[in-house]
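To start, the structure itself, in structure tokens.
Chain A is the first sequence line, chain B the second, and so forth, proteins listed ahead of strands; every chain is numbered from 1. Note that the structure is predicted; figures quoted are calculated from it, not measured.
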Amino acid sequence: MKNYDHSKIEKKWQKEWAKEKVFEAIENSDKPKFYGLIEFPYPSGAGLHVGHVRSNTAMDIITRKRRMEGFNVLYPIGWDAFGLPTENYAIKTGKQPALITKENTDNFRRQLQSIGFSFDWSREINTTDPKYYKWTQWIFLQMFKQGLAYKKKMTINWCPKDKIGLANEEVIAGCCERCGTAVEKREKEQWMLAITKYADRLDTDLDTVDYLPQIKTQQRNWIGKSEGAEIEFQVDKEKIKVFTTRPDTLFGVTFLAVSPELAQSWIDIGWQASETIKQYIKKTLADRLADGFDMKEKTGISAGFDAINPVNGEKVPVWIVNYVLGDVGTGAIMGVPAHDERDFEFAKKYNLEIKPAVIPRRIDHNNPHVSGKEVIFRKGIMAIIVNPKDNKILCLKWKKQPWTTFVMGGIEGDETSVEAAIREIREETGYKNIKLVRVLGGVIQTEFFAAHKDINRIAHTQPILFELENEERSDVSSDELAAYEVFWRDMKDITPETMTHAEMDIVLSRIACEEKSFNENGVLINSGQFDGLQSEEAKKAITDFVGGKMVTTYKLRDWVFSRQRYWGEPIPLIHCEACGYVPVPEKDLPVELPQVEKYEPTDNGESPLSAISSWVNVTCPTCGGQAKRETDTMPQWAGSSWYYLRYTDSKNDTEFADKKNLQHWTPVDWYNGGMEHTTLHVLYSRFWHKFLFDQGLVPTSEPYAKRTSHGLILAEGGVKMSKSVGNVVNPDEIITLYGADSLRLYEMFMGPFDQAIPWSTENIIGVRRFLEKVWRLQSKVESQKSIKSETNSRFELLLHQMIQKVSSDIEGMKFNTAVSAMMILLNECEKQENLNQNNFEIFLKLLSPFAPHITEEIWNELGHKNMLVLEPWPVTDVTKLVATIASVVVQVNGKVRGQVKVPVDTAESVVMSKVQAEETLQKWIRDKKITKVFYVPNRLINLVLEGD
RNA sequence: GCCGGAGUGGCGGAAUUGGUAUACGCGCACGACUCAAAAUCGUGUCUCGAAAGGGAUGAGGGUUCAAGUCCCUCCUCCGGCACCA
């Protein structure tokens with residue numbers, strides 16, 4: 001047997017696979033298709049990262065398995081090559097970006113090929129190739145024609161170092177995502193893409209795709225859909241429009257809060273505000289633009305006038321506040337301190353009125369309303385009495401009902417709730433000397449069947465906390481004595497489970513916390529004719545009543561699509577004085593990037609393209625007059641927004657992809673990528689795809705049927721890998737030392753695929769040893785010779801369990817446990833004297849997607865002429881899955897005391913007698929009576945003994 | 001602050017969803033082979049205990065015959081959003 005020479009073997013099979021084109025996807029195939037996709041890399045000068053290897057290997061395993069399962073597989077690769085690092089390098093060195101890109105992609109390609117990924121290299125694409133970006137420009141023009149691309153003067157985030165406008169999502173904590181420089185604000189005309197027009201579908205259509213739940217949640221949060229109402233408040237002859245999700249709380253409005261931006265706009269159109277107000281606005285706006293924008297405290301200033309609440313004509317003061325944002329909703333809100341945490345905090349600080357309009361509601365599901373019985377409304381109290389001596393709470397145990405309650409009662413005549421409570425305490429318990437601690441918030445509505453009165457009750461209950469002063473008691477009536485017994489219960493035993501009150505959860509949280517706003521839905525009070533309505537129905541009713549309208553808003557903003565840089569797709573528009581912005585005619589696409597001397601953006605913020613007059617000056621395609629090209633370029637996200645479509649037909653010159661190809665391949669069946677792309681790339685490409693779908697240009701409304709995500713690989717010690725720290729692992733070195741198969745296997749074995757894991761070069765030796773053992777196993781192979789059948793059937797049971805395990809682990813991306821299962825199988829193989837060749841080949845097939853080179857070589861050594869990659873995936877033979885012996889764990893009182901071996905599916909009584917016969921177990925059972933036995937067939941038996 | 005995810009040996013991590021906690025791998029220790037080393041193979045490796053046994057899955061409580069797994073309270077770490085009305 002030869003030695004395991006990984007570099008020889010790996011090069012050999014990479015060449016063979018390429019020669020035989022085994023990984024090229026086939027058009028017009030009868031097989032079912034599978035389209036597996038990884039995010040195409042940005043070819044940086046640093047070379048391939050081990051993180052790329054992790055994601056690519058995972059999808060490589062999946063696609064290799066699919067091929068073996070008989071699918072026509074598309075697993076393509078390309079380069080997302082526009083972007084800043086290349087351009088910055090060009091500025092520094094004067095080298096052409098295209099040249100830099102060529103060098104970097106050559107290096108990346110070499111690296112990827114050295115790992116043996118089963119990419120279809122014949123479809124390789126590059127976003128910086130004019131043949132590719134012709135279609136990026138073409139798609140942009142379709143959007144322009146549909147009015148989705150528009151120009152807008154706006155304050156942009158400007159990075160003074162990179163000299164580039166940044167999208168909101170590229171600003172992290174007030175700094176440039178790339179270089180960390182503090183971002184400035186600048187006024188600039190920008191091209192925008194109206195992604196907000198698709199906001200609703202981007203949200204709701206998430207229901208139709210199979211993305212990891214956290215990916216969906218993140219996208220939904222990002223889109224930030226919220227349904228509410230716009231309501232207008234009158235101020236003299238003007239109106240202030242507010243947006244609220246809680247129109248049901250309109251009766252609880254005690255002030256209006258407007259953003260400084262809105263207030264400033266009033267000043268701009270002539271509002272005579274005081275100097276103090278002007279200064280407040282100026283300062284607040286300045287604070288907000290400052291780096292970081294971390295508002296510590298809510299502040300505000302009275303605007304000096306009132307507005308009219310449209311629902312009841314009440315005057316409410318208008319405040320200018322720092323906690324309302326100009327670009328959210330209408331830039332103004334109604335202040336409802338009773339039902340909004342922020343308004344509550346603000347009202348407390350500035351002594352504004354707090355007026356409840358909604359109360360919590362609980363239905364007692366243990367004593368629900370009985371149909372046919374009368375429904376009686378009652379205002380009542382709930383008295384919670386603490387004995388400070390032992391911190392116990394007074395409770396009533398009802399004699400005729402299975403209830404445990406606090407002291408309860410109705411409010412009579414014109415007494416206050418506290419007076420009513422004190423009276424009830426005396427009547428029901430006799431305790432005379434009690435002291436009010438505090439009223440626990442507002443009333444709570446509960447609905448239950450009062451069996452002792454034979455009525456359905458809707459109660460508005462006021463919970464009140466008292467303290468016992470001393471234990472002096474007077475007599476209570478015989479009626480009361482007959483009804484319940486008084487007792488004291490530990491505070492810690494007062495829970496929603498131990499008490500009958502359905503509103504117990506609310507009461508407990510009010511005891512724990514002094515005072516807060518009630519922010520949930522409930523039942524309306526103090527709301528005129530809307531009293532008694534529930535929040536959900538009241539929202540629409542009140543909005544209608546005041547002539548407002550229900551609207552939906554989104555956090556998602558339109559996409560700033562212009563960059564004032566060189567290394568991007570030129571935006572294919574021409575500006576003509578007479579005709580405005582005119583698309584470059586289709587026949588003139590692509591608008592190619594011209595050669596320039598200097599790649600630096602100009603200091604006035606224009607792209608370097610603007611300096612090339614021969615390129616800029618053109619004739620207008622519409623009127624033939626003098627015109628200028630748009631000199632802004634597209635952001636890096638453009639080329640990646642549709643690249644998965646191009647793979648289906650990467651060389652097409654007449655369309656971005658042939659309809660037939662799109663029909664066959666889309667949607668992408670499985671897309672794996674980084675979590676960091678969830679709200680940017682994935683959302684952007686979904687938007688482009690939906691647009692293309694609306695234009696009838698693609699056959700599906702969603703691009704990716706399934707999206708999963710890998711965890712980061714951290715440097716040793718758990719910190720981020722970074723070039724500056726010098727802790728980056730170079731895959732080339734690992735491949736030279738241990739081989740590509742070891743690298744692949746290690747990255748799959750290192751830990752859960754979706755979790756961040758620190759790299760450990762030390763640990764690679766483990767998988768390398770494993771592969772060497774597999775290699776040596778060849779010498780044990782006996783072709784069909786008979787091997788002791790008993791040991792063999794045990795081995796085959798294990799083998800077929802492994803087929804199941806590895807297959808399902810791959811589907812669930814639990815690669816680490818799949819590898820460990822194969823290691824267990826290997827350890828078992830080593831114990832065997834001989835190995836049946838069939839069984840060994842099954843093992844090789846299971847391992848082949850993980851370590852394709854070594855398995856292909858061994859397969860070849862075993863005498864096969866065809867390639868392992870083309871072999872069918874092993875199928876579990878259920879007849880071999882039948883175990884004959886089960887070891888049943890014996891527990892006594894829940895503690896493991898031994899084990900008995902019995903035939904599978906043995907009855908409990910048989911197992912029991914075996915247990916009782918077992919000497920080692922007898923000492924545990926002896927003398928004691930077995931009160932109960934729990935038997936889980938083939939697994940466990942637990943004997944519960946008397947006593948103990 | 002809110003929403004997610006997680007806390008298990010010296011380390012990376014397993015645990016058929018409530019049924020033998022610590023699989024698999026690394027590391028470490030001892031042994032075999034060797035003049036020696038490497039490689040390889042074997043044995044051991046949560047903890048207290050001489051043993052019999054006991055105790056451990058971030059902390060505390062609960063449910064259960066049985067809890068890493070379910071419920072409550074708290075602590076820590078990692079991600080995302082951050083006054084979104």
Now, which nucleotide makes the Watson-Crick or G-U wobble pair with [N], with each of the two distances under 3.5 Å?
{"N": "B/rG49", "result": "none"}
{"N": "B/rA21", "result": "none"}
{"N": "B/rU40", "result": "B/rA32"}

Should the pair [X] and [Y] be assigned to parallel (<30°), tilted (30 to 60°) or perpendicular (>60°) ring geometry?
{"X": "A/F346", "Y": "A/F255", "value": "tilted"}
{"X": "A/F770", "Y": "A/F843", "value": "perpendicular"}
{"X": "A/F815", "Y": "A/F850", "value": "perpendicular"}

| query | Hey, are A/T299 and A/Y280 close enough side-chain-wise for a donor-acceptor pair under 3.5 Å? | reply |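 Indeed, the side chains of A/Y280 and A/T299 share at least one donor-acceptor pair under 3.5 Å.
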| said: Quiz question: going by heavy-atom distance under 3.5 Å, is there a donor-acceptor pair between the base of B/rC83 and the side chain of A/K298? | reply: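 Indeed there is one.
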Starting at atom [atom1] of [X], determine the distance to atom [atom2] of [N], rounded to an integer number of angstrom.
{"X": "A/I713", "N": "B/rG13", "atom1": "CD1", "atom2": "P", "result": "12 Å"}
{"X": "A/L826", "N": "B/rC41", "atom1": "CG", "atom2": "P", "result": "10 Å"}
{"X": "A/M750", "N": "B/rG12", "atom1": "CE", "atom2": "P", "result": "12 Å"}
{"X": "A/K814", "N": "B/rU16", "atom1": "NZ", "atom2": "P", "result": "7 Å"}
{"X": "A/L798", "N": "B/rA23", "atom1": "CG", "atom2": "P", "result": "17 Å"}
{"X": "A/I215", "N": "B/rC81", "atom1": "CD1", "atom2": "P", "result": "14 Å"}

| said: Between the base of B/rC65 and the ring of A/F934 - centre-to-centre under 5.5 Å, planes within under 30° - is that a stack? | reply: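 It does: the ring sits over the base of B/rC65.
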| task | Report yes if at least one side-chain N or O of A/K895 is closer than 4.0 Å to OP1 or OP2 of B/rA67; otherwise report no. | result |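 No, outside the criterion.
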Using a heavy-atom cut-off of 4.0 Å across all strands, would you classify [X] as base, sugar-phosphate, or nothing?
{"X": "A/V944", "result": "sugar-phosphate"}
{"X": "A/S226", "result": "sugar-phosphate"}
{"X": "A/P213", "result": "nothing"}

